[in-house]
Amino acid sequence: MSRYNPKEQEPRWRAAWRDADTFLTKTPEQAQGRPKYYVLEMFPYPSGRLHMGHVRNYTMGDVVARYKRARGFNVLHPMGWDAFGMPAENAAIEKGVHPKGWTYDNIAAMRVQFDQLGLSLDWSREFATCDPEYYGQQQKWFAELFRRGLVYRKEATVNWDPVDNTVLANEQVIDGRGWRSGALVEKRKLTQWFLRITQYADDLIEGLKTLDRWPDKVRLMQENWIGRSQGLRFTFDLTGHPPEGFEGIEVYTTRPDTLFGASFVAIAADHPLAEQLAKSNPEIAVFAEECRRGAATEAEIETAEKKGLFTGLEVAHPFDPAWKLPVVIANFVLMDYGTGAVFGCPAHDQRDLDFARKYDLPVLPVVLPPDGTADSFKVDAEAYTGPGRIYNSRFLDGLSIEAAKAEAITRIEAAGRGHGSTVYRLRDWGVSRQRYWGCPIPVVHCAKCGPVAVAEDQLPVVLPDDVTFDKPGNPLAHHPTWKQTTCPQCGGPAERETDTLDTFVDSSWYFARFTNPHAASPIDREAADYWMAVDQYIGGVEHAVLHLLYARFITRALKDERMVGVAEPFAGLFTQGMVTHETFKGADGRWLAPAEVDYRTEGATKGFFETASGQSVTVGGVEKMSKSKKNVVAPEDIFDQYGVDAARLFVLSDSPPERDVQWTNSGVEGAWRFVNRVWAEVDGGTESGGVESEELLRATHKLIKAATEGLEGFRFNSAVAQFYAFLNTLKKAEGADRRAALRTLVVLISPFVPHLAEACWERLGGEGMAVDQPWPAFDPRLATDEELTLPIQINGKRRGEIRAPAGAAEEEVRRIALDDIDVQRHLEGLTVRKVIVVQDRIVNIVVG
RNA sequence: GCGGACGUGGCGAAACCGGUAGACGCAGCAGACUUAAAAUCUGUUUCCCAUCGGGAGUGCGGGUUCGAUUCCCGCCGUCCGCACCA
């Protein structure tokens, strides 16, 4: 008996698959009518190193791809690189390397690691989004959307680092300061390119209903993100002497029923009226400046202290001109949502209530809860947002909330002050980035014609290689010659756009490009019609909203261009959890990597010690593997020690795929043990002889059923547990002929541990390769037991069990149960009131 | 703050439609093999009282039900996303 040697077996089988072109995608003709199946994992950013998260993600996709292949599907399973983005530019600044060289070097390094994983990928379709062949095609469709008016320019706010003179991403703003300079970050307005995703808002909501193989939570998150709300848009008239040109303030509300509870009107700091007032009022200017600084993200804005500044202006209530409300500038009102102005109703909105308490504004309840009375109901520290009847509201009194909303809208519309309107939380997608390492926006600016899309025969607009990163800001903008060009429309002198596209654009259509990555047009319609939509898309849940929503939007936009036939790119979606690990800190507070730590017994104390110093180590929380906390286990070290299959098996085994899995050394050793046990069984089970065992046959069919259901339902951990259990059964079946059972087991584990399966298949004398074996079918009669053990409950408490034939009639089971000696003992002196028999499950005897 | 999830032994978990809670793995304990150790194999392992046996138990508090980890209401805790990270 020989120990399984992954170092010898694994490269051998990878070479065998490669030499046989096993994973080369078949054309529809070659597939000979077999149904297609498109499996895709979210493609990686080429950081240069494979991490355990990749191992988990791509192993899951591989299991699906190999399983579907065994089920007879014609499978497309491609891989590429999401290769544009900030890290390459950061490397250029910090290490003086060129983003292009850095990126392609990383791709080459990662490709080697990917090959080791033994994935069933068709590498002939590989591309990187930074290949001009890819982004040039992207520029083609982008130019089309521009001509169609789906692309436009408008002013938008960016984070500006006044020391580095550069735009900062939100993640580069740390506590309101630039990450490199440490300078206080300012908000600055720039003219930027936008994609009109809001035009598709309703379609994107409606489309969610068709995505029945998406997790409910992701659909819900997208719906909430789009945030369609019905409400009222209307104008409060300014009274007294407002600045010239400002007669009123237009607000949007989803609660027009609470209009009589209004006690102030709040506008955003960058509302035109606020900006006008700031010109002549230094106090307002200072406050607006304060609002402009700091908070880069919505989360920070929403959690920041609610602050306001009274402008001294007043507006009249729309239903009572004599009723005046103060106008305040508030840091929690967003210019991007609705009209950038709201009315505050403190009694029925918590944020408004907090604000009203702070600035001593009236709190007027206008919705009476069902169990409240007008005299007793008070709003104190908590706003009331529940159901009820309207009161304190003149002509709305007594109405339900819904009826009052309708009535308020009708009256406002009749008065010509506004109209009912649908508003989305979703904003148009700002795609401009003032950076070098991205897809150039294919537009030129002509003094005569304005912005003009680059003509198709002049694409791609290629990034120049000769750029420098010694000056702050966008290297494309400083390039001496690159931006000088001629106008495609009038032929006059013109300048290229120097902004590049958000990398989310690159990842919004790559799945369609994979169907024919070498096509002369962005998408080969015939190939896309055959392969799209992606049948199973797999990736991190952190992409639940942005990437997945953008990809759905672009697919719809391209469908309207007739470039693709489907509206929804991903028919099935699976969002997998992260790989986590314990964190360790040394005595001096430094983070320590797992490799720097030992578990041992030191005198009386057991625990973790730093290997180098022998000092004791604090064990922190279990967190996502990250460089900053050093709780990273390098996949290559694991492959080296246990082989790829053990690593693959472990990331699939311990936790359900949608949940986080905690990497542990002992866990991967368990997987390694399994690999060896399978090998040992196969090694010792190849000889004929032994008796045919019905028990083993039944166990085998049960296993096929369980494995198949586990794979279909994305319960890989359960499937793996069944393999382990089957191995235990197999060990105990001494004297039985195990050859058939082993062959079946090997085919079933093949998607999980493909190298081991091939080695075993060969040892068992199977024909061809394990990867080419069809998925075994099970006989439903053999996959269930003939006689079952049924628990007997008395008043819901388990009091015994009986044996009964499967499918036995209720009467028979009832008789066996009541005759049972244990049951009778418990029933002594009691009256049986009812006997509930659930077929093949349980018997519950109710006594009184 | 808003939106979404999750919470079961010492640990990772299973229980798919409301029907035996803890499959499978890890760690632990006991044993076999060994001069010894490692590796491997066998058994055992939710907690409490215990001889048979009984009681409690799925974050906490309530509810529906013959029966609740599963459904409903309220609370607590943890994690993810929040639009220029990918």
Q. With a non-hydrogen cut-off below 4.0 angstrom, is A/Gly670 in contact with a base, only sugar-phosphate, or nothing?
A. sugar-phosphate
Q) Who are the side-chain contact (heavy atoms from CB on, under 4.5 Å) partners of A/Ile226, not counting sequence neighbours? A) A/Ala201, A/Leu204, A/Ile205, A/Tyr424, A/Leu426, A/Leu549
Q | Contact pattern, 5' to 3', of nucleotides 79-86 of chain B - B, S or - by protein heavy atom under 4.0 Å | A | --SBBBSB
**Q.** Inter-nucleotide C1' distance (B/C26, B/A13), Å rounded
**A.** 11 Å
Q: Grab the two heavy atoms, one from A/Val579 and one from A/Arg56, that are nearest each other, plus how far apart they are.
A: CG2-CD, 3.9 Å
Q.
On the six-membered ring of A/Trp193, is A/Arg153 placed so that its NZ or CZ lies under 6.0 angstrom from the centre and within 45° of the ring axis?
A. yes
Q. For every nucleotide of nucleotides 62-71 of chain B, 5' to 3': is a protein heavy atom under 4.0 Å from its base (B), only from its sugar-phosphate (S), or from neither (-)?
A. ----BS----
Q) Can you find a side chain N or O atom of A/Arg673 that sits less than 4.0 Å from OP1 or OP2 on B/U40? A) yes
Q. How would you list, by chain and number, every residue that makes a salt bridge (Lys or Arg N to Asp or Glu O under 4.0 Å) with A/Glu155, sequence neighbours excluded?
A. none
Q. Who pairs with A/Asp354 by side-chain hydrogen bond (donor to acceptor under 3.5 Å, both in side chains), at least two apart in sequence or on another chain?
A. A/Gln350
Q. How far, in whole Å, is B/C29 from B/G81 if one measures between their P atoms?
A. 40 Å
Q. Considering only the C1' atoms, how many Å lie between B/G12 and B/A56, rounded to the nearest integer?
A. 25 Å
Q) Across all strands shown, which nucleotide pairs with B/A32 by Watson-Crick or G-U wobble geometry, both distances under 3.5 Å? A) B/U40
Q) Quick one: is A/Asn717 getting a side-chain N or O under 4.0 Å of the B/A14 phosphate, OP1 or OP2? A) yes
Q. Should B/G9 be called syn or anti, with syn set as within 90° of 0?
A. syn
Q) When we call it a touch if two heavy atoms are under 4.0 Å apart, what does A/Thr789 touch: a base, just sugar-phosphate, or nothing? A) base
**Q.** Contacts of type side-chain hydrogen bond (donor to acceptor under 3.5 Å, both in side chains), residue A/Ser508, not counting sequence neighbours
**A.** none
Q: Report the residues that fulfil salt bridge (Lys or Arg N to Asp or Glu O under 4.0 Å) with A/Asp499, sequence neighbours left out, ordered by chain and then residue number.
A: none
N/O donor-acceptor pairs under 3.5 Å from side chains in residues 715-725 of chain A, not counting sequence neighbours:
none

Q: Applying salt bridge (Lys or Arg N to Asp or Glu O under 4.0 Å), name anything that partners A/Arg196, two or more places apart in sequence or on another chain.
A: none
Q: Go ahead and name the base partner of B/C6; Watson-Crick or wobble counts if both distances stay under 3.5 Å, otherwise write none.
A: B/G77
Q.
Using the P atom as the point on both nucleotides, what is the distance between B/C80 and B/G31, in whole Å?
A. 45 Å
Q. In the strands shown, is B/G12 matched to any nucleotide by a Watson-Crick or G-U wobble pair with both distances under 3.5 Å, and which?
A. B/C24
Q) Contact class for A/Ser666 (heavy atom, under 4.0 Å): base, sugar-phosphate, or nothing? A) sugar-phosphate
Q: Give none if B/G1 has no partner; otherwise give the nucleotide forming a Watson-Crick or G-U wobble pair with it, both distances under 3.5 Å.
A: B/C82
Q.
Strictly under 4.0 angstrom, non-hydrogen atoms only: write out the protein contact profile of nucleotides 48-56 of chain B, one letter per nucleotide from the 5' end, B, S or -.
A. ------SSS
Q. A/Lys731: what forms a salt bridge (Lys or Arg N to Asp or Glu O under 4.0 Å) with it, not counting sequence neighbours?
A. A/Glu681
(Q) Ignoring hydrogens and geometry beyond distance, is a side-chain donor-acceptor pair present between A/Asp660 and A/Thr580 at under 3.5 Å? (A) no
(Q) In whole Å, measure the gap between the P atoms of B/G9 and B/U42 for me. (A) 28 Å
**Q.** B/A13 phosphate, OP1 or OP2, under 4.0 Å from A/Arg659 side-chain N/O
**A.** yes
Q) Considering residues at least two apart in sequence or located in another chain, which fulfil the ring-ring contact (aromatic ring centres under 6.0 Å, His included) criterion with A/Phe726? A) none
